Number of protein chains: 2
Amino acid sequence: MQNFHRDGICPIRDVLSRLGDKWSLLVLVSLQTNGVMRFGDLQRSIGDVSQRMLTVTLRTLEADGIVERKAYAEVPPRVEYRLTDRGRSLMPCLNGLVEWAQRHADGILENRK
Amino acid sequence: MQNFHRDGICPIRDVLSRLGDKWSLLVLVSLQTNGVMRFGDLQRSIGDVSQRMLTVTLRTLEADGIVERKAYAEVPPRVEYRLTDRGRSLMPCLNGLVEWAQRHADGILENRK
DNA sequence: CGGAATCCATATGGATACTG
DNA sequence: CAGTATCCATATGGATTCCG
């Protein structure tokens with residue numbers, strides 16, 4: 001088998017664990033659907049994410065080059081977020097997983113009982 | 001956009017957050033590659049997972065019907081793990097993500113600095 | 001061999017208050 | 001508007017010990 005371990009870090013696990021956190025997927029799907037969004041747009045779109053967690057999530061996605069942040073020097077401030085090329089290249093994989101989850105959600109929840 | 005929130009639970013987030021934990025992906029890839037495996041096989045294959053975490057991970061995957069556990073009443077005990085049909089149906093999606101992560105790992109790590 | 005049980009450290013996430 | 005800064009609760013994961 002492929003050796004994902006033992007050589008220090010595991011990029012796969014690293015990437016997956018970031019996307020599997022509580023908010024990243026929601027942010028990415030929302031950006032994919034709506035294109036360019038402001039901070040407040042994202043917060044309303046997701047609905048129940050706190051300001052802090054949305055900021056933390058966006059900073060992480062930005063650090064990984066998956067989301068781009070563009071701030072305008074205006075008052076009141078305006079900040080726009082959008083997917084980068086790398087982010088867009090990720091979405092087909094994510095969409096596949098989302099579809100799988102939707103197809104199997106009922107069965108899985110049933111299974112747990 | 002699709003409404004992943006507000007209606008109580010979000011099956012997508014639920015499923016994704018489980019797979020994004022520290023060990024599930026490694027277990028699934030290992031089972032996909034090696035077929036039927038015993039507990040000790042899995043532990044050696046992954047390399048640095050503790051007994052406890054491997055147990056916890058396998059129990060969760062089993063509860064979701066992604067992995068099947070078969071115990072034989074022998075001494076010393078023998079327990080086999082394998083992917084279920086549902087688990088196998090998940091692997092193409094996961095493999096897509098793994099490939100994406102491998103292709104972009106260098107760029108992402110570079111980006112973070 | 002394949003766990004279960006316990007204890008503990010750290011990581012993750014939420015609530016609240018404040019700010020350029 | 002789009003954050004930062006604190007503080008705190010819980011979740012996750014590791015080390016160790018014990019067991020059929």
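Below, chain A is the first sequence line, B the second, and so on; all start at residue 1. It should be emphasised that the depicted structure is a prediction, and the values quoted were computed from it without experimental measurement.
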Side-chain N or O of B:R69 versus OP1/OP2 of C:dG2: is the shortest distance under 4.0 Å? no
When rounded to the nearest 0.5 angstrom, what is the spacing between NZ in B:K22 and CG in A:L16? 14.5 Å
Gap between atoms CG and P, on A:D41 and D:dG3 respectively (whole Å): 12 Å
So, is A:Y81 close to the D:dC1 phosphate, meaning a side-chain N or O under 4.0 Å from OP1 or OP2? no
So what is the end-to-end bend of the helix from C:dC1-D:dG20 to C:dG20-D:dC1, with 5 pairs used at each end and the value given to 10 degrees? 50°
Between atom CG in B:L54 and atom P in D:dA15, what is the gap in whole Å? 14 Å
Is a donor from one side chain sitting under 3.5 angstrom from an acceptor on the other, for A:N95 and A:Q32? yes
How many Å lie between CG on A:D21 and C1' on D:dG13, as a whole number? 17 Å
Check the phosphate of D:dA11 against A:K22, side-chain N and O only, distance under 4.0 Å to OP1 or OP2. Yes or no? no
Can the positive tip of A:R13 be found less than 6.0 Å from the middle of the six-membered ring of B:W23, inside 45° of the ring normal? yes
Atom-pair distance (CZ on B:R52; C1' on D:dA11), nearest Å: 11 Å
Select base, sugar-phosphate, or nothing to describe what A:Y72 touches, counting heavy atoms under 4.0 Å on all strands. nothing
I'd like to know if A:E110 pairs up with A:R112 as an ion pair, taking the criterion as any Lys NZ or Arg NE/NH1/NH2 lying under 4.0 Å from an Asp or Glu carboxylate oxygen. no
Closest nucleotide of DNA chain C for A:G20 versus for A:Q51: which of these residues is on the 5' side? A:G20
Look at the side chain of A:Q43 and the backbone N and O of A:V49, then say whether any donor-acceptor pair between them is shorter than 3.5 Å. yes
In whole angstrom, what separates A:R78's CZ from D:dG3's C1'? 16 Å
Distance check needed: C:dG14 P versus A:Q43 CD, whole Å only. 12 Å
Minimum-distance nucleotide (side-chain atoms of A:M53 versus C:dG3, C:dG13, D:dG3): C:dG13
Establish, from distance only, whether the side-chain atoms of B:S30 and B:S45 form a donor-acceptor pair under 3.5 Å. yes
Rounded interatomic separation in angstrom, taking CE from B:M37 and P from C:dC1: 15 Å
Applying the side-chain contact (heavy atoms from CB on, under 4.5 Å) test to B:Y81, which of B:D41, B:V27, B:L58, B:L54 qualifies? B:L58
Does D:dA2 have OP1 or OP2 sitting under 4.0 Å from an N or O in the side chain of A:R38? yes
Once you round it to whole Å, what is the distance between P of C:dT12 and CG of B:L16? 17 Å
A:S50 side chain, from C-beta outward: closest of C:dG14, C:dG2, D:dA2: C:dG14
